[in-house]
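Protein chains get the first letters and strands the later ones, always in sequence-line order, with residue 1 at the start of each.
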Amino acid sequence: MRMSKLLAPTLRENPAEAEVVSHQLLVRAGYIRRLASGIYNYLPLMWRVMKKVEQIVREEMDKAGAQELLMPILQPADIWQESGRWEVYGKELIRLKDRHDRDCVLGPTHEEVITTIAKHEIHSYRHLPVNLYQIQNKYRDEIRPRFGLLRGREFIMKDAYSFHTTEDDLDREYYVMADTYKSIFKRCGLETRMVRSDSGAIGGDVSHEFMVLTHTHSGECDVFYCNQCEYAANSNRAESITPAATTDGKEYFSQEAIVETPDCSSIEALTKFLKIPPTLICKALLYIKDEKEPFLVLIRGDLEVEEVKLLNAVQAYEIRMANEEEVYKYTGTKKGYVGIGNWVISLKEGGVLLFGKEQSSMPLPTVVDFSVKELKNFVVGHNQAGYHKVGYNWHAPDLMEGHYKDVKLARLGDTCPECQKGTLEMTRGIEVGNIFKLGKKYSRAMNATYSTEDGKEDFFIMGCYGIGISRTAAASVERYHDENGIIWPIPIAPYHVVVVPVNTSDETQLALAERVYNELKIAGIEVVIDDRDERAGVKFKDADLLGFPLRITAGKKAGEGLLEVKLRTEKAAQDIPAAEVLAYVQQQLQSWNAEAVLTHA
RNA sequence: CGGGAUGUAGCGCAGCUUGGUAGCGCAUCUGCUUUGGGAGCAGAGGGCCGCAGGUUCGAAUCCUGUCAUCCCGACCA
């Protein structure tokens with residue numbers, strides 16, 4: 001390809017609208033252009049990168065035994081109504097009507113469609129297991145598209161769905177996919193970490209995310225990871241062992257008593273006023289589930305509630321903290337004084353813990369975090385403004401046993417829940433892929449069954465596996481760049497080599513450059529020649545900005561048949577006789593390994 | 001959706017406070033010179049000042065509305 005013909009409009013300055021590095025560089029280097037918020041044109045170089053990522057994904061998925069197909073982006077609403085997600089998915093689902101006024105959606109993901117396929121086309125256990133995947137555009141009307149390709153409203157995703165007869169077989173496939181994902185990202189030149197995560201709107205029990213750890217602000221999620229073992233988890237899912245409540249050897253409140261605590265509506269104020277550590281307090285927070293049902297959360301005073309964990313613990317679609325009015329309505333007091341000091345514990349059928357006044361007709365369902373289990377002689381609210389109860393101890397520990405939940409936000413320095421030795425550290429990460437065990441959620445909702453070996457009908461057991469193709473490409477830029485521009489890992493670089501004749505009006509230089517360019521091209525190397533009538537500085541700046549892994553310069557020594565060859569990751573170039581350049585380039589491309597980029601970028 | 005900000009030439013910005021008919025740098029085009037890290041000189045083209053109302057003799061500038069974009073939060077590949 002000739003740079004004089006290539007549509008790669010580079011800019012001297014970063015675009016004002018871009019905040020994160022990958023967005024700035026991709027726009028500046030002429031890889032992408034925004035059409036509307038969260039919607040981008042992939043210009044020729046970007047599209048080459050995307051096709052490379054796709055191809056790696058395709059090869060590895062095929063190797064794992066999955067079959068590629070293509071499902072419609074435009075989908076009828078009825079299958080979404082059938083699965084229940086027409087209501088649940090919310091505003092993120094792009095809905096539209098056709099000319100007959102039929103409701104349609106643009107596919108954000110394809111569980112409904114694939115389940116329909118399985119339902120109609122797979123009738124027997126003999127045809128299971130099967131894993132089907134596609135690579136196509138996805139549509140999600142994100143509340144806030146941002147960070148360029150990292151979160152668009154339209155993006156390219158590989159989505160795979162597997163069907164099984166048993167949970168064990170799903171487990172097997174789940175780990176096949178986990179291994180496949182590791183290979184895929186490794187082949188793309190990206191180091192990823194498999195991280196436990198929340199399964200969100202897609203549903204199901206178990207899920208993992210694959211994160212590119214970035215250590216920069218640009219990551220989208222906080223990831224906790226153990227400094228001694230392989231444990232890693234999204235902050236909204238991370239478990240941890242918090243240091244036990246300590247009283248520094250002091251004895252507090254050996255007698256239960258109600259004490260006056262004026263203006264102590266925060267934990268901080270309360271610890272100062274009573275001169276106690278926050279770990280001696282049991283905090284009670286009132287939440288509202290799905291805009292109708294109040295419930296209480298008990299957690300140790302020094303800890304924060306992780307609301308995604310809480311959402312799952314109460315199986316709600318939505319939760320929020322109660323406002324002053326609601327607090328008064330359900331507890332009779334104001335924020336900061338809510339507590340269980342004068343309440344009793346009971347158990348509702350279905351095993352829901354209730355806290356409330358003995359005579360109350362409306363006790364509150366309660367989520368009790370593990371962190372309060374071991375508390376002794378602690379402080380709780382007394383549901384009376386200006387008063388707390390001190391020296392409190394659990395009245396009915398037997399009743400509570402088995403009802404503790406983990407709803408706390410993990411903290412830096414907490415002990416690893418897995419090896420119980422290391423401590424948790426945190427980094428930022430970009431989620432580039434995920435794997436879910438869906439179980440029978442969709443097959444049951446959509447009545448998709450097959451005949452079992454003993455002639456009965458059963459629902460398919462499903463798994464699903466996604467990779468953000470466009471996000472993976474952007475994540476690579478986010479991870480590998482320097483002050484001069486993008487640094488592509490060789491496997492996903494749009495071209496491998498750029499040949500730069502320093503001065504196009506110097507016939508010796510130009511002729512040598514053209515010769516090498518043709519030689520490389522004929523040898524099957526992906527190469528561009530910067531034949532533009534620009535000064536050397538411009539070409540070098542652009543070559544760095546565009547991020548080609550290898551640069552070959554035909555300059556002053558062209559007369560001696562010498563070319564300068566330089567890796568994008570290195571500062572210094574070396575002179576190589578023209579006749580040996582092809583061999584050198586081939587050797588560089590073959591010896592690619594991820595370390596080369598990891599150590600220099 | 002809540003909070004904050006911005007819309008002026010392809011890109012980055014000034015002008016707005018104090019209304020008088022639009023400017024700078026880069027990019028583009030032409031010519032000459034130059035040629036190893038974003039060249040110099042000379043010249044040229046390009047703007048419903050986001051859009052719609054209003055105030056005014058007169059609006060990029062003041063007022064109202066509206067649309068769009070970006071940042072922070074709740075959501076996610």
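Within the cation-pi definition used here (under 6.0 Å to the ring centroid, within 45° of the axis), A:Arg568 does not qualify as a partner of A:Phe548.
In this structure a side-chain-to-backbone donor-acceptor pair under 3.5 Å is missing from A:Asn41 to A:Leu43.
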Output one line per pair: protein atom, nucleotide atom from nucleotides 10-12 of chain B, and distance, for all N/O pairs under 3.5 Å.
{"from": "B:rG12", "atom 1": "OP1", "to": "A:Ala16", "atom 2": "N", "distance (Å)": "3.0"}
{"from": "B:rG12", "atom 1": "O2'", "to": "A:Glu13", "atom 2": "OE2", "distance (Å)": "3.1"}

When you compare the protein's N or O atoms with those of nucleotides 2-7 of chain B, which come within less than 3.5 Å of each other, and at what distance?
none

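For A:Glu92, taking side-chain heavy atoms from C-beta onward, the closest of the listed nucleotides B:rC75, B:rG36, B:rA77 is B:rC75. If you check B:rC1, B:rC76, B:rG38 against the side chain of A:Ile143, the one that comes closest is B:rC1. Closest approach to the A:Asp542 side chain among B:rC75, B:rG38, B:rG36 is made by B:rG38 (side chain taken as heavy atoms from C-beta onward). Relative to the side chain of A:Arg28, the nucleotides B:rG36, B:rC70, B:rG38 differ in distance, and B:rG38 lies closest. The side chain of A:Arg146 has B:rC71 as its nearest neighbour among B:rC71, B:rG38, B:rU35.
Atoms CD (A:Gln574) and P (B:rG36) sit 22 Å apart, rounded to a whole Å. Distance, A:Phe147 CZ to B:rC71 C1': 9 Å, rounded to whole Å.
Under the rule for a side chain to side chain contact (heavy atoms under 4.5 Å, CB included), A:Ala579 has no partner lying at least two apart in sequence or in another chain. Annotation: salt bridge (Lys or Arg N to Asp or Glu O under 4.0 Å) contacts of A:Glu87 (sequence neighbours excluded): none. Under the ring pair (Phe, Tyr, Trp, His ring centres under 6.0 Å) criterion, A:Tyr133 pairs with no residue at all, not counting sequence neighbours. Shown here are the ring pair (Phe, Tyr, Trp, His ring centres under 6.0 Å) partners of A:Phe295, two or more places apart in sequence or in another chain: A:Tyr287.
Between A:Trp47 and A:Tyr42, the ring planes lie parallel to each other; the angle is under 30°, not in the 30° to 60° tilted range.
The nearest heavy atom of RNA chain B to A:Val432 and to A:Ala536 marks one nucleotide each, and the one closer to the 5' end goes with A:Ala536.
Residue contacts for A:Gly555: at a heavy-atom cut-off of 4.0 Å it reaches a base atom on one of the strands shown.
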